Engineer: 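One structure follows; several queries about it will come next.
Heads up: numbering here begins at 1 and tracks the sequence. Here the structure is a predicted model, which means the values were calculated and not measured.
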Amino acid sequence: MTYATEQLYDEVAYIAYHFHWPLEAILELEHPERRRYVDQIARLNRLAGGR
């Protein structure tokens with residue numbers, strides 16, 4: 001199964017926005033690892049009362 005392009009863009013943008021990582025570094029992550037960062041950012045934002 002091919003990973004959805006739009007979802008990949010969303011994940012990359014989300015991580016880049018919050019961590020200020022370069023595109024290449026984010027794309028080198030395996031999908032489960034990238035999802036874990038997305039989930040952790042979301043959790044931290046909820047704890048901080050953010051988005």
Engineer: Please tell me if the side chains of L44 and H18 come closer than 4.5 Å, counting only heavy atoms from C-beta onward.
Structural biologist: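 L44 does not reach H18 side chain to side chain.
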Engineer: For P32, which of E30, R35, R36, R34 qualifies under side chain to side chain contact (heavy atoms under 4.5 Å, CB included)?
Structural biologist: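 Of E30, R35, R36, R34, side chain to side chain contact (heavy atoms under 4.5 Å, CB included) with P32 is met by E30 alone.
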Engineer: What closest approach, in Å, do L8 and L27 show between heavy atoms, and which atom pair accounts for it?
Structural biologist: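 Closest pair (atom of L8, atom of L27, distance): CD1-CD2, 4.3 Å.
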Engineer: Applying side-chain contact (heavy atoms from CB on, under 4.5 Å), can you list everything that pairs with E24, at least two apart in sequence or on another chain?
Structural biologist: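 So E24 forms a side-chain contact (heavy atoms from CB on, under 4.5 Å) with P22.
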Engineer: Applying side-chain hydrogen bond (donor to acceptor under 3.5 Å, both in side chains), name anything that partners E28, two or more places apart in sequence or on another chain.
Structural biologist: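 Partners of E28 under the side-chain hydrogen bond (donor to acceptor under 3.5 Å, both in side chains) test: none.
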Engineer: Return the CG to CD distance between N45 and Q40, rounded to the nearest 0.5 Å.
Structural biologist: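 So the gap between those two atoms works out to 11.5 Å.
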Engineer: Could you check whether the rings of F19 and W21 sit parallel, tilted or perpendicular, using 30° and 60° as the cut-offs?
Structural biologist: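 It falls in the tilted class, 30° to 60°.
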